[in-house]
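Keep in mind it's a predicted model, so treat the numbers as computed, not measured. Residue numbering restarts at 1 for every chain, and letters A, B, ... go by the order of the sequence lines. Below, all heavy atoms of this structure are taken into account, side chains as well, without hydrogens, waters or symmetry copies.
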Number of protein chains: 2
Amino acid sequence: MPVVADTDLRRMAARILEHAGVPEAHARLQTDLLLEAELRGVPSHGLLRLRRIVERIANGVADPVTTGRHHWRKDAFLEVDGLTGLGPVVADAALDRITTRARDTGVAVAAIANSNHLGMLAYYADRVARAGQTVLVLSTSEALVHPWGGRRAMLGTNPIAIGVPTEGEPFVMDTATSIVSMGEVHDHANRGAPLPEGWALDAAGKPTTDAKAARSGALAPFGGAKGYALGLAFGLLTSSLAGAALGRDVRGTLDSDAICNKGDLFIVMDGPNAMLADYLVQLRETQPAEGFDRVLIPGERGRQCRAKRLQDGVPLADAVWADMQQLASAAGFKGD
Amino acid sequence: MPVVADTDLRRMAARILEHAGVPEAHARLQTDLLLEAELRGVPSHGLLRLRRIVERIANGVADPVTTGRHHWRKDAFLEVDGLTGLGPVVADAALDRITTRARDTGVAVAAIANSNHLGMLAYYADRVARAGQTVLVLSTSEALVHPWGGRRAMLGTNPIAIGVPTEGEPFVMDTATSIVSMGEVHDHANRGAPLPEGWALDAAGKPTTDAKAARSGALAPFGGAKGYALGLAFGLLTSSLAGAALGRDVRGTLDSDAICNKGDLFIVMDGPNAMLADYLVQLRETQPAEGFDRVLIPGERGRQCRAKRLQDGVPLADAVWADMQQLASAAGFKGD
């Protein structure tokens with residue numbers, strides 16, 4: 001497994017994006033999203049996605065320049081038409097507006113349609129919480145998850161991220177409402193490893209541990225009926241307010257040629273914030289249960305991984321590294 | 001099991017509350033909360049709680065008259081000091097303010113501290129969504145849930161409700177982030193029934209299927225590490241913005257003599273709303289998986305239960321019915 005310094009990966013990815021027509025500042029932001037995912041150990045939202053972004057730009061379903069069109073429907077409600085812009089670029093511009101507005105109004109919302117894949121939601125939650133505001137981030141995706149008790153993928157993985165400032169590092173959690181990502185299923189298929197029971201159905205809607213069969217089937221919601229209810233609620237909430245597509249009508253988060261019609265929702269709230277650090281320390285120091293080393297705080301493992309990879313480099317799947325080198329070479333990148 | 005008409009229960013409960021010093025309109029609202037829980041098949045949030053409310057008023061830790069003190073910290077952010085008011089009364093007054101404000105601002109928040117137990121969160125989500133707005137409701141509670149991998153209860157059951165208007169009945173979901181309620185554990189203990197594995201730890205932090213032992217232990221978060229992360233995030237978000245207590249410091253949701261120091265958070269968003277009914281029909285018509293009759297939409301079972309109980313009456317546990325009769329008799333209620 002190749003291990004590459006994050007600074008090198010950053011330069012390569014930015015060059016690849018700029019070669020595809022992405023302005024420098026946008027390329028830096030999109031690269032930062034992909035790299036942060038690699039650093040925190042979430043490769044499904046990392047450089048794996050670079051080729052698809054480049055292809056989507058080439059196919060005219062992602063506009064590398066636009067930051068989206070903003071319309072304040074009400075004082076604290078920003079409607080954003082992403083104009084097929086890059087997910088992080090459109091989201092970042094919207095966040096600039098609503099984080100500023102929320103300082104006046106106490107809360108502000110951005111509902112985004114017609115924008116590309118956001119990448120790792122924790123990135124945005126971390127940004128806002130680090131600057132002292134509380135934030136919820138929701139996004140929808142293509143139908144990959146079956147309803148509890150159903151045979152067929154009808155829901156997106158509908159992730160949520162929540163960021164809350166504390167006296168120290170912000171609290172940031174980020175989770176999909178599927179039991180696992182489809183990337184994880186593909187990873188098992190590639191390694192010839194069986195899936196744990198309960199993760200997935202095959203194309204006929206039967207429970208399967210065959211990762212290859214699960215790729216054309218459906219993922220389970222996490223936590224059974226409750227996780228299904230939450231994932232569905234997040235999807236309805238987001239699509240309803242953003243005016244975006246739902247369920248099997250969603251396109252453009254996994255392919256290279258369809259306009260992306262999912263929705264994103266950001267809710268930013270301005271303090272006041274109670275002191276949380278003592279409680280998080282108590283939580284971390286809770287006596288661990290049998291079979292556990294210790295109690296983790298969400299985001300903690302990602303931060304440790306990040307610190308290590310900044311120092312030791314980022315391990316990449318062979319295929320991802322080969323792909324990057326090919327893209328870089330096509331972009332005229334010579335290691336400079 | 002006694003079965004009593006909801007109208008009779010309503011009259012009895014209102015009389016009991018009025019006798020305890022609750023003004024008529026407040027008594028009607030608090031009664032409505034308890035009755036809706038009974039009608040929808042959620043007895044843990046039903047008439048079981050009536051005696052505690054009466055005792056809390058008598059003990060001076062619940063003020064039956066106040067609607068709370070409101071302070072618009074910012075244009076769209078309402079800080080509410082509940083002044084130890086009844087949960088539904090304080091929440092209802094706050095909702096009046098922020099649902100109106102959100103029509104101007106697009107979004108408005110109420111963060112409530114120092115108020116009593118809200119009861120079933122779906123009640124509020126249903127109210128707001130039925131009037132055409134989208135809503136998130138969060139509330140914290142006493143520590144009953146262990147962190148994933150930990151031995152001790154450190155988190156509240158930290159429920160969430162989400163309401164989204166549709167062309168027909170609103171979509172309303174409501175779930176705690178524990179795998180089950182402590183009320184369910186008590187119910188198993190009372191029936192001498194064992195708990196399913198994975199539900200609870202005993203007081204020493206060891207997994208147990210003994211319901212009696214679990215009562216002094218901790219409930220599991222639903223959905224393992226993901227449910228733990230969500231429950232924690234909901235708790236931090238709510239307590240942080242409401243300035244409320246956290247974890248083992250929370251009091252007053254299960255006892256009769258401590259000031260209630262949990263927090264509540266309402267986020268109301270004003271349209272625009274996409275059409276959702278077609279998608280919900282598709283979801284309901286998804287072919288069921290093996291072992292399931294059909295796919296349910298969250299809230300559907302509760303509505304069916306409600307319709308049936310409005311017609312046939314509300315079945316009550318013997319102890320709850322005996323308790324109500326005793327309270328009603330003490331309040332001078334003679335069936336009028």
Side-chain angles (χ1 to χ4, degrees), chain A residues 73-77 104-109 134 146-152 154 160 162 164 171 173 175 201 205-207 222-224 226-227 229-230 232-233 236-237 239-241 243-244 246-248 267 269-274 276 279 282-283 286-290 292 294-296 298, chain B residues 73-77 104-109 134 136 146-152 154 160 162 164 171 173 175 201 205-206 222-224 226-227 229-230 232-233 236-237 239-241 243-244 246-248 267 269-274 276 279 282-283 286-290 292 294-296 298:
Chain A
R73 210 174 61 77
K74 302 277 177 78
D75 273 3
F77 195 114
D104 286 334
T105 53
V107 55
V109 167
T134 298
H146 64 78
W148 187 241
R151 266 180 201 269
R152 195 176 182 212
M154 291 293 291
I160 184 170
I162 293 176
V164 185
F171 170 86
M173 68 80 60
T175 186
L201 306 178
K206 286 197 193 299
F222 95 95
K226 285 183 180 232
L230 266 176
L232 175 59
L236 292 173
L237 180 67
S239 295
S240 168
L241 291 170
L246 268 167
R248 299 186 70 88
I267 305 173
M269 287 169 281
D270 204 49
N273 294 298
L276 306 176
Y279 175 61
Q282 287 169 32
L283 209 53
T286 307
Q287 198 190 349
E290 282 166 21
F292 289 85
R294 61 192 191 84
V295 169
L296 288 166
Chain B
R73 209 174 60 78
K74 303 276 176 81
D75 272 4
F77 195 114
D104 286 333
T105 53
V107 56
V109 167
T134 298
L136 282 96
H146 65 77
W148 186 242
R151 265 180 201 268
R152 195 176 183 212
M154 291 292 292
I160 183 170
I162 294 177
V164 185
F171 170 86
M173 68 80 61
T175 186
L201 306 179
K206 287 199 193 298
F222 95 96
K226 285 182 181 234
L230 267 175
L232 175 59
L236 292 173
L237 180 66
S239 295
S240 168
L241 290 169
L246 268 167
R248 299 186 71 90
I267 305 173
M269 288 170 282
D270 205 49
N273 295 299
L276 305 177
Y279 174 61
Q282 286 169 34
L283 209 53
T286 307
Q287 198 190 348
E290 282 167 21
F292 290 84
R294 59 191 191 84
V295 169
L296 288 167

| message | Any non-hydrogen side-chain atom of B/Leu232 less than 4.5 Å from a side-chain atom of A/Phe171? | response | yes
| task | Kindly write out the residues that satisfy salt bridge (charged side-chain N to carboxylate O under 4.0 Å, His left out) with B/Arg248, not counting sequence neighbours, or none if the list is empty. | result | none
| note | From the list A/Glu290, A/Lys206, A/Gln287, A/His146, the residue making the most non-hydrogen contacts under 4.5 Å with chain B is A/Gln287
| message | Just so I understand: if I count every heavy-atom pair under 4.5 Å between each of B/Lys226, B/Met173, B/Met269 and chain A, which residue has the most? | response | B/Lys226
| remark: Nearest heavy-atom contact between A/Val164 and B/Leu236 is CG1-O, 4.3 Å
| query | Out of A/Ile162, A/Val295, A/Leu241, A/Ile160, which one racks up the most heavy-atom pairs below 4.5 Å with chain B? | reply | A/Leu241
| request: Considering only heavy atoms and a distance below 4.5 Å, find which of A/Met154, A/Gln282, A/Arg294, A/Arg152 pairs most often with chain B. | output: A/Met154
| Side chain / backbone / both / neither for A/Ser239 at chain B, heavy atoms under 4.5 Å | backbone
| said: Heavy-atom pairs under 4.5 Å with chain A - which of B/Pro147, B/Gly205, B/Ala244 has more of them than the others? | reply: B/Pro147
| message | What I'd like to find out is whether the side chain of A/Leu230 reaches to under 4.5 Å of the side chain of B/Phe222, using heavy atoms alone. | response | yes
| message | Could you work out, with ring pair (Phe, Tyr, Trp, His ring centres under 6.0 Å) as the rule, every residue matching A/Tyr279, not counting sequence neighbours? | response | none
| field | Largest heavy-atom contact set with chain A, pairs under 4.5 Å, which of B/Asp270, B/Leu136, B/Leu201, B/Leu296 | value | B/Asp270
| said: Whether A/Asp104 and B/Lys74 form a salt bridge (side-chain N of Lys/Arg under 4.0 Å from carboxylate O of Asp/Glu) is what I want to check. | reply: no
| note | From the list A/Asp75, A/Thr105, A/Val109, A/Leu246, the residue making the most non-hydrogen contacts under 4.5 Å with chain B is A/Thr105
| With chain A, which of B/Gly247, B/Gly243, B/Gly224 has the greatest number of heavy-atom pairs at distances under 4.5 Å? | B/Gly247
| query | Which bit of A/Ser240 comes within less than 4.5 Å of chain B, counting heavy atoms only: side chain, backbone, both or neither? | reply | both
| request: Tell me, out of B/Pro298, B/Ala274, B/Gly223, B/Gly149, who's got the most heavy-atom pairs with chain A below 4.5 Å. | output: B/Gly149
